[in-house]
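Within every chain, numbering begins at 1; the chains are lettered A, B, ... in the order of the sequence lines, protein sequences first and strands thereafter.
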Amino acid sequence: MFLINCPFCGERDQSEFSSGGEAHIVRPKQPTELSDDEWAEYLFMRKNIKGIQFERWNHVHGCRKWFNVVRDTSNDKILSVYKMGEKPPVNYK
Amino acid sequence: MPNYRIHKTEYIDETKRVSFKYDGKTYFGYEGDTLASALLANGIHLVGRSFKYHRPRGIVSCGAEEPNAICQIGSKKDLTEPNVRATELELYEGLEASSQNCWPNVKFDIGGINNFISPLIPAGFYYKTFMWPKSFWKKVYEPLIRLSAGLGKSPTEPDPDIYDHKHVHYDVLVIGGGVSGIIAAKMAAKNNLKTLLVDDKKILGGSTIYQNNEFIKIDNKLSSEWLKNEIQEIQKLSNLTIKTRTSIAAYHGYNFLLAKENLTDHLPEEKKQNKIRQRLWKIRAKKVVIATGSIERPLVFNNNDRPGILLSNSINKYLDYYGVTCGENIILFTNNDSAYETSISLHKKGIKNLIVDLRKSASSELIKQAESLGIKIYFNHVVTNTFGYRKINSLEIMKLSEDGNTTVGDKIKLSCDCLGMSGGWTPMVHMHTQSGGKLDFRDDDQVFLPKENSEDQISIGSCNGDFDLENIIDKTVNKINKFLDIDNQDYQDTNIICSKENDKRNIWLLPNKIPLGKTKCFIDFQNDSTAKDIKLALKEGFRSIEHVKRYTTTGMATDQGKLSNMHALGIIADTAGVKMGTLGTTTFRPPFTPLTFGTLVGRNVGKFFEVVRKTSMHEWHVENNAEFENVGQWKRPWYYAKKGESMHDAVQRESKAARDSAGILDASTLGKIDIQGTDASEFLNRVYTNAWSKLAIGKCRYGLMLNEDGMVYDDGVTTRISENHYLMTTTTGGAANVLSKLEDYLQTEWPELDVYLTSVTDHYSTASICGPNSKKILNKLFPNLDLSDENFPHMSFKEDKLENINCRIMRISFTGELSYEINIESKYGHSLWKMCIEAGKEFNLTPYGTETMHLLRAEKGFIIVGQDTDGTMTPSDLQMDWIVSKKKYDFIGKRSLYRSDTIREDRKQLVGLLTDDPKEILEEGAQIVSDVKSKPIDMLGHVTSSYFSPNLNKSIALAVVRSGKTMKGQKLIIPMENKNINVTVSDTIFLDKENKRLNA
């Protein structure tokens, strides 16, 4: 069970959070301009990385804030936590 | 009665005699005994029958690894417990236990016949046999398998015991209170770290606590005496919490561990009353020290499973800790030094014993000591067979060949009444691997050892493969200093004297002159799998250890293969000619020992099982005979049956009253989200499919919300309360998810929008009054409110006061009738409801539940998200193209509405269905076809909603059908188990297509 450091509330048990999948997938500003394939890329395609993954979490049973997490999916270690809108840390690639 | 308790020990209180029943017969033991030690003291070895062959089985061990001595405790329907290990169960006055898996009794067991037909039941017997004929499955094979499956009997009534949960945080958790765990806990606590030490036994000290060999000394004291001092010292440390009778069940990521504390299992019946039985500790530790020790391995030879054959070290513990000898003429069969400790202990108590050692020779201090005591040792010998049905009475040994692959020379027959086996030691790496740690293999003594850690944890002592005392203490101190980053000098000058093992020889499957096929060399005692089974599995092509395990069921019993997994691996490696270290292990899964469901559930039973949400009108519904339906966590009135009415009767009456005069529904459970901010209108534009900018203040609008994939997600009416203030309603079940979804978009995609969302579902209660007389009732409640269609038209909103309390009134309709929803602060909900009922009396205002609501809306063809949709329906599929704005540039899901898949014309689409026989009511979920003759039958869709409409006096249904939009008027068939029902595709709106009733 993860211990997640919510950037607004501090360390809390995983049971207070819900996961929102891969981060930094920006909703296209002009969806109507996109082909089916381009839209499908946004809608369905996820990297599902074994290793360092950038993902979104929501402190759903807490402050209700969404934020970003860098997690190594091979050992579940959370390497970094940062707010929405902030730039992802560069030292993880 | 024989008495095998031959001396007093400090752990057995001989002043406190305890009586207990085993298999219906009364015996005596003492306080401090386990059930196993008390049985052995009474000379009882035979405690059960094996699972498959029903062979007599005896106590093998003294701890959690016990495969045989598992018993049924108690006989009460609610309290009886199966599969309890007698080796761990502390004896108490009045304990009733019985053996399992035998009938009529353990001494004469009918199933024992399986032993004689065992050549007919090899590995995979069930897979191979119960295959044909197919017709035999249901009537013959399944009942047969069910009859012989399982071990003990489950309780058949609810568990009356109390269980508890506790959350704790520590700097350091030490698992295991043996010598290394005690040292680690002391070092941690003395260095100002908040420490928890847990041990599954009644007292701390592990196997050192009963050690009394003068060749093993610490600071010139017996190691047990030295350790007792240490225990006294740590008990004074204020930083240290010690929990005995507490076992770690699971080690999860982020150093989150579950421990089970036994609080009353050792108490007599009357003292258990009203106390918490077991407590589940949920532990978060910054650092974890694993000191779980090791367990002794059995040896694999012919007939190694007879009662009276135990692990050598267990014989030692029964003797030195419990004062009980397992026999009077004992043979120890070993491949390592530890059996010599047992031998010397036995010798000291005057118990005749001798040693059979696989090794060609050995030269440690212990061996010299045994030799000097005159104990007979057969080096380079192997046990090839044992004899005695209900208990061992003799055995045969033979000399090993040079390479150890075969036996040579003549058989020597030796008589005995007990055999101790020692095949070396297996470090308990369960916790390490559960935490995500990897393992290394040490060829020397063939053990898996902790290697890499993924958590902040460390293994010390024999679970780390350190077996002699000097090694254990030195390494523990060094590793703990480093691990905790401290500099503890307490053990700097500790002087340790112990014997060092120099010689090793391990043979996983011991050689025998008898062909393997005719031997019974057991690997897994509880599941009865033998060396032969493993070899057969390999011969049949199984290679992966995980497959061999499942095919032979080795390691799959309640002991999870604590004694058997290593041997299975070893034999596979030997047979396949590969290195054991390269095979890997099967997965060590939690829990380490079985847990009761009660412990896991804790206090969340009965009415605490799940949160129940009730509206403020709930009591009225109860008083008025409502049947309730669970909608999410909410209790919603389903229907209100009058005396003698069935559900069908009640729903027909309610539906009719709502259309003929007036009905009232408790709509408080609908999700309500308060939306405020200067960009609220723009926000609604983006989340709903229709346009919102032009909605006037005081007006309401129905909205459909999609997922980004274009599928309908939720719907509801939103009211514009003021310029920058809206009240959104959602489906009852979808409220929380909708709020999360909206927050997601606001926070991540559109942070520039000035919008604030607040859930107000619980803040308002809602009474919805519908029907032609609803306006008259409203008028009685709100005499000053102008209810004229001009002032208060359909889809609009007014505020007024009811006895000085503010109400929000929306004229909106989910039934197609003229209809008003009155919202009031929740605390006044009950009063509002009663005032509505009172005002409606003269108009036969009839309370109706969710079933009638569903019927009424179906008559109007209104969808219910989640009933008529299933996450694969677009607005167009629902024939709701009218609600999708063509003008808006974007909204959630818009782009998906013209993907190649969503514009397909043969998607499943919502239609109405009318049965040819108007009395026939379709089953929801029933399949729809057009032709039952051609096979395979093409499934076109299914029924989503179906009712008998009293207002139309016929059956109506909604359904999703492939290309349904184009099928109006077509005949379709609903094939049921015993008939085909003919239906005709119709419009989805069955009643009042012109919406005249809204303004009636």
Taking [Y]'s backbone N and O only, do any of them form a donor-acceptor pair with [X]'s side chain (distance below 3.5 Å, no angle check)?
X	Y	answer
Ser759(B)	Ile673(B)	no
Asn453(B)	Gln457(B)	yes
Glu708(B)	Gly893(B)	yes
Thr195(B)	Leu193(B)	yes
Asp714(B)	Val738(B)	no

Using heavy-atom distances under 4.5 Å, tell me whether Met84(A) contacts chain B through its side chain, its backbone, both, or neither.
side chain
Ile4(A) versus chain B, heavy atoms under 4.5 Å apart: side chain, backbone, both or neither?
neither
Please check if any side-chain donor atom of Glu41(A) sits under 3.5 Å from a side-chain acceptor atom of Trp39(A), or the reverse.
no
Those residues that, when tested against Glu610(B), pass side chain to side chain contact (heavy atoms under 4.5 Å, CB included) (two or more places apart):
Gln633(B)
Those residues at least two apart in sequence (or on a different chain) that pass side chain to side chain contact (heavy atoms under 4.5 Å, CB included) with His430(B) are Met428(B), Lys562(B), Phe588(B), Phe592(B)
Interatomic distance, Trp750(B) atom CH2 to Asp679(B) atom CG [nearest 0.5 angstrom]:
11.5 Å
Find the one option among Leu43(A), Asn58(A), Asn75(A) whose heavy-atom pairs under 4.5 Å with chain B are most numerous.
Leu43(A)
Among Thr748(B), Asp744(B), Asp890(B), Asp901(B), who wins on heavy-atom pairs under 4.5 Å with chain A?
Asp744(B)
Answer key: most heavy-atom pairs under 4.5 Å with chain A among Glu749(B), Glu455(B), His252(B) is Glu749(B)
Close approach to chain B in residues 9-24 of chain A, criterion heavy atom under 4.5 Å:
Asp13(A), Gln14(A)
Are there residues of residues 59-68 of chain A whose heavy atoms fall under 4.5 Å of chain B's heavy atoms? If so, which?
Val60(A), Arg64(A), Lys65(A), Trp66(A)
Is Tyr745(B) in contact with chain A via its backbone, its side chain, both, or neither, using a 4.5 Å heavy-atom distance?
side chain
Let me know if Leu757(B) has heavy atoms under 4.5 Å from chain A in its side chain, its backbone, both or neither.
both
Quick one: do Asp72(A) and Lys77(A) make a salt bridge, cutoff under 4.0 Å?
no
